[in-house]
Every structure is written in structure tokens, then in C-alpha cells.
Amino acid sequence: MSDSPLTDTVAALQPRARTELAELVAFKSVADPAQFPKSECEAAAEWVAGALRADGFQDVALLDTPDGTQSVYGFLPGPAGAPTVLLYAHYDVQPPLDEAAWVSPPFELTERDGRWYGRGAADCKGGLIMHLTALRALKEHGGVPVNVKVIVEGSEEQGTGGLERYAEAHPELLVADAIVIGDAGNFRVGLPTVTATLRGMTLVRVQVDTLEGNLHSGQFGGAAPDALAALIRILDSLRAEDGSTTVNGLSSDASWTGLAYPEEDFRKDAKVLDGVELIGSGSVADRIWARPAVTVLGIDCPPVVGATPSVQAGARALVSLRVPPGTDAAAATELLAAHMENAAPWGARVAVEQVGQGQPFRADTGSPAYASMASALREAYDGEEMQTAGMGGSIPLCNTLAGLYPDAEILLIGLSEPEAQIHAVNESVSPQELERLSLAEALFLRGFAERS
């Protein structure tokens, strides 16, 4: 990193950053009361609000959003006439999945092999700590040179759109000249990267019914239509032989023209088993950043343990469809539903219910804010030039903010590089990345103020 007083201050703030991240990771803030008590999310929201108040933020508020969760807002005034920058993160997290597969407890920040492990350490509780560290460093060197708004979402991982709907109903709240979304990540540790595109997402639940009730497979099997078998055929129809997503009417041949993603690197990042092929066609970047991708997230059917010899009367699945920029998520939802209904064999009854949806996003990388970020990242990463990549995941709020504030410049950075293993067991964050990106954000805010 660069040798400057600001650099030294960010470094000196790292022990505090680790302590606070440990406190925040300890909350089991999965925004699904069916899995964890709602009180865990409420406590995390209160922690965030307290941290903002302690750092001098005004108008700190817990916003009750339409999906039943809370987002946290705060405003830090800057010099008169200064531009306003909105900083975003989310405190809700993915469930830990198989807790027994974690080397250390998922809700206990643990240092191991130079990384800090814990659910949400990178996605995205670490993003909030990054924002706070950058602002604290600036305060020690002349003050924060811009007006700062912070919004910390409480249900981003659920895709239920609470903050999106709240922002649409209160458009004056989050208006800003630039927006920094701290929920992305570098393409590789040590390689400064901004995310230029996000795939949108639609999430649907498909129910298949064929019988009034389960039947003995010996007495009726062979003629009675099996709902689970019908569901399997429907789901299989969503992929071509090579694994490419094939939803009738949905284009799947776009190409990515930015940063390349070598196949051997992807295999290593994804931990693909030896001898197992990648799916799809085109370059890896085409497949994960520029084209749709369907994933079966779960199936309700009898587990192997305790299963009986029965023909299943009903079965259902949760299906995700990632939608590339240039495709409307609502239109993609309709195509997905129609495809599954038409693919049903044997006249099986199919009902498709939309669970969540978010539009794709494409940033304007030629804006002045990106020039400021490029300069900041170059300094924070010892001369490494900023790279531009896509991200296969979704941040539905991005498109909402772009629609509400068309003149705002939106940048995506963050701590979710491949080694972080977000959404998987043993999620972790690189403390070096946290330090460098905190410095980069501080430098960006200073540079953006000067350019404005």
C-alpha cells in the first residue's frame, strides 16, 4: 500500500475493525424466521444503528420495510456545498448450511491461515466495517470531505425487496451524487476490481401434482403418474445436453468483452472435482456474467432415510434463474413459468409461484466517479490498475437506485473475492483486502470531493 498518514491510520484501525466485525458476525441475522429468530436480525440492526450514532451520524433510523425487515439509515454531514455519497451494505446473511462442515463456528469470527472466518465476514458485514473504517480514517485527517448517507439493508439475501419498495416510496431519502455498493469483490485477492454488471434474478416455486395421495409403488407403480418423476423431467428440460440453460424464448448466446476468466482459474475457484466437466458453452465469463443460468435450489420430496415404497402424489422445487443485463427479469419470469408448465409430462398439474425478483444492472464505467475510484485503487494497491469485471450474482437494489437517481454514479466494490467462499461453508474475509479497500474508499471520497 502507499506510504502516507492516511495509510498508517487505516492500518492502526484494523484491530478495531476486527473486534467490531466479530461482534457483528455473532448475530445469526438470517432474515428468515423459519430458520432463525427474528430477534437476531433486530439485534444486528440495533448494533448497526448504535455504531452509526457513535460515529457522529445524524437522523439514524431503523426503517421498517414492507417485507417485515429493518434497514438502518444514517446521515453524516460534510462541508457546505459538498457532494453526497451513499454507502451501502447489508447485515443479513445466508444461513450457515451444514454447521458440522464448518471448521470453526459460523457465527464466531475465527482467525486461521491469515483469514477471518465467519458467516457474513465478507458478505456483507465486512462491507459495513469497510465503510466505517474509511470514514474514521478521514476524520483523523481533516474530516470527511463529502456528505455521507449510509444504508444497511436487512433482507438482501432473501430477495424479498423490502428496501427497494421503501426507497420507491421515499425517493428523497437516498438521493446522492455517487453510490458505493460495498457488496461486490475483487476478481482475485490483490487485484483491484470494480463490478460493471450484475445479473438479475427471478426465484420461483414450482408445485407438481398428479394424484390425490401417495400410492403403493408395487400395487400402482408403472401406471400411476409419479409427481416427483414429472418434476425431474420438468427441471431437466431447463438444460441442454451440455448443461447450458435453455428456457424457451430466452436468449442465451451473449458474449462478455471485458476481463477474461481462464477456465483453469475458474475450476480452482469453484473447486470442481477432477474429471468433472464444466457446463455450458462459450467462455467462462460468457457463462457466468453475460448469459442466463438456472439453478435448482431445493426439492421437497421424501428424504432417503425413512422413504417408503410409494408413488409420489406431489413434489415441489425452488428454482432460481439468473438474468443477464439486457433482459427484463419480469419477462424472464413469465418465460420460465411458461416453459415449466409446457414441459410437464402426462398432463401433470403445474403451479408456478414467484418468490423473489431483481433486475440486472449495468454501470456507467466512463463516469467521473470511476476515474476517482481508479486513482484510489491504484494508490491503495501499489500501482495495480483497476480492472472491470461482471458478477453473476444479483443486488436487486442497484437497478432500483439507478431508476430513482439516474444522475447518480453507482460503483460496486467489496470483499467477496473467490477465496471468501460467500454463501458456502467456511466463508471468510481477507484482512489485507479489508485494509486496502478501506483505504481505497477513503481515497475515493477525498478524490471525488476534489473532482466535484
Side-chain angles (χ1 to χ4, degrees), residues 93-106 110 112-123 157 184-191 193 199 201 203 228-229 231-247 252 256 259-305 307 315 317-322 324 389-394 415-430 433:
V93 297
Q94 286 285 335
L97 303 175
D98 182 6
E99 294 198 34
W102 285 74
V103 176
S104 51
T110 305
R112 187 169 65 254
D113 301 323
R115 297 182 68 92
W116 300 340
Y117 287 80
R119 176 57 92 219
D123 182 25
E157 298 291 8
N186 287 340
F187 181 70
R188 187 81 54 219
V189 170
L191 183 64
T193 312
R199 288 191 295 195
M201 181 187 72
L203 192 63
L228 179 55
L231 176 63
I232 290 170
R233 286 204 173 186
I234 291 169
L235 298 178
D236 183 61
S237 75
L238 296 171
R239 293 191 181 277
E241 188 68 26
D242 66 359
S244 299
T245 293
T246 54
V247 175
S252 59
W256 175 260
L259 184 69
Y261 200 158
E263 183 170 323
E264 58 272 22
D265 291 347
F266 179 83
R267 291 186 66 90
K268 180 180 178 182
D269 292 339
K271 296 179 172 57
V272 180
L273 299 178
D274 290 343
V276 178
E277 300 175 359
L278 300 187
I279 63 173
S281 60
S283 71
V284 169
D286 292 342
R287 286 176 257 182
I288 65 172
W289 297 336
R291 296 179 181 177
V294 69
T295 305
V296 179
L297 303 182
I299 298 179
D300 283 342
C301 61
V304 172
V305 176
L318 187 65
V319 179
S320 162
L321 177 65
R322 299 288 179 170
M391 189 166 79
S394 305
L415 301 164
S416 298
E417 37 75 27
E419 291 180 45
Q421 293 191 184
I422 64 170
H423 294 203
V425 298
N426 298 313
E427 177 184 346
S428 67
V429 69
S430 162
E433 290 286 82

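Side-chain atoms are counted along with the backbone in the values below, which use heavy atoms only and exclude waters and symmetry mates. Quick caveat: nothing in here was measured; it's all calculated off a predicted structure.
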Legend entry - Pair listing, salt bridge (Lys or Arg N to Asp or Glu O under 4.0 Å) test, anchored in residues 275-288, at least two apart: D286-R291
Legend entry - Partner residues of R115 under the salt bridge (charged side-chain N to carboxylate O under 4.0 Å, His left out) criterion, sequence neighbours left out: E417, E419
Inset, instruction - Heavy atoms only: give me the nearest P106-E99 pair and the separation to one decimal. - result: CG-OE1, 3.8 Å
Legend entry - By ring-ring contact (aromatic ring centres under 6.0 Å, His included) - contacts of W116 (at least two apart): none
Inset, instruction - Might you point out which heavy atoms bring V429 and A121 nearest each other, and give the distance in Å? - result: CB-O, 3.7 Å
Legend entry - Listed partners of R199 passing salt bridge (charged side-chain N to carboxylate O under 4.0 Å, His left out), at least two apart: none
Legend entry - Exercise: identify the closest heavy-atom pair between L321 and P292: CD1-CB, 4.3 Å
Inset, instruction - Would you give the length of the straight line joining atom CG of L97 to atom NE2 of H423, rounded to the nearest 0.5 angstrom? - result: 10.0 Å
Inset, instruction - Give the C-alpha distance, both sets of side-chain angles, the deciding distance and a yes or no for side chain to side chain contact (heavy atoms under 4.5 Å, CB included) between D123 and E157. - result: CA-CA 9 Å; D123 182 25; E157 298 291 8; 2.8 Å; yes
Legend entry - Among L235, I299, T295, I234, side-chain contact (heavy atoms from CB on, under 4.5 Å) partner for V319: L235
Inset, instruction - Please confirm whether the backbone N or O of R267 pairs with a side-chain atom of E263, one donor and one acceptor, at under 3.5 Å? - result: no
Legend entry - Point-to-point distance, once rounded to the nearest 0.5 Å, from CG of L238 to CZ of R233: 14.5 Å
Inset, instruction - Before giving the answer on side chain to side chain contact (heavy atoms under 4.5 Å, CB included), spell out for V103 and Y117 the whole-Å C-alpha distance, their side-chain angles and the decisive distance to 0.1 Å. - result: CA-CA 9 Å; V103 176; Y117 287 80; over 6 Å; no
Inset, instruction - Might you point out which heavy atoms bring S244 and S281 nearest each other, and give the distance in Å? - result: OG-N, 3.6 Å
Legend entry - Distance (rounded to the nearest 0.5 Å) between S430 OG and N186 CG: 9.5 Å
Legend entry - Under 3.5 Å: donor-acceptor pair, side chain of R188, backbone of T193: no
Legend entry - Nearest-0.5 Å distance that lies between atom CG in L231 and atom CG in D236: 11.0 Å
Legend entry - Residue pair P324 / A290: nearest heavy atoms and the distance that separates them: CB-O, 3.3 Å
Inset, instruction - Give a yes or no on whether the backbone of G118 and the side-chain of T110 come within a donor-acceptor separation of less than 3.5 Å. - result: no
Inset, instruction - Give, for atom CD1 of I288 and atom OH of Y261, the distance between the pair rounded to the nearest 0.5 Å. - result: 5.5 Å
Legend entry - Spacing of CG belonging to L297 relative to OG belonging to S320, to within rounding of 0.5 Å: 5.0 Å
Inset, instruction - Not counting sequence neighbours, which residues clear salt bridge (charged side-chain N to carboxylate O under 4.0 Å, His left out) with E427? List them please. - result: R119
Inset, instruction - Mark yes or no for whether W102, through its side chain, and P96, through its backbone, hold a donor-acceptor pair below 3.5 Å. - result: yes
Legend entry - Any residue meeting salt bridge (charged side-chain N to carboxylate O under 4.0 Å, His left out) with D242, in chain and number order, not counting sequence neighbours: none
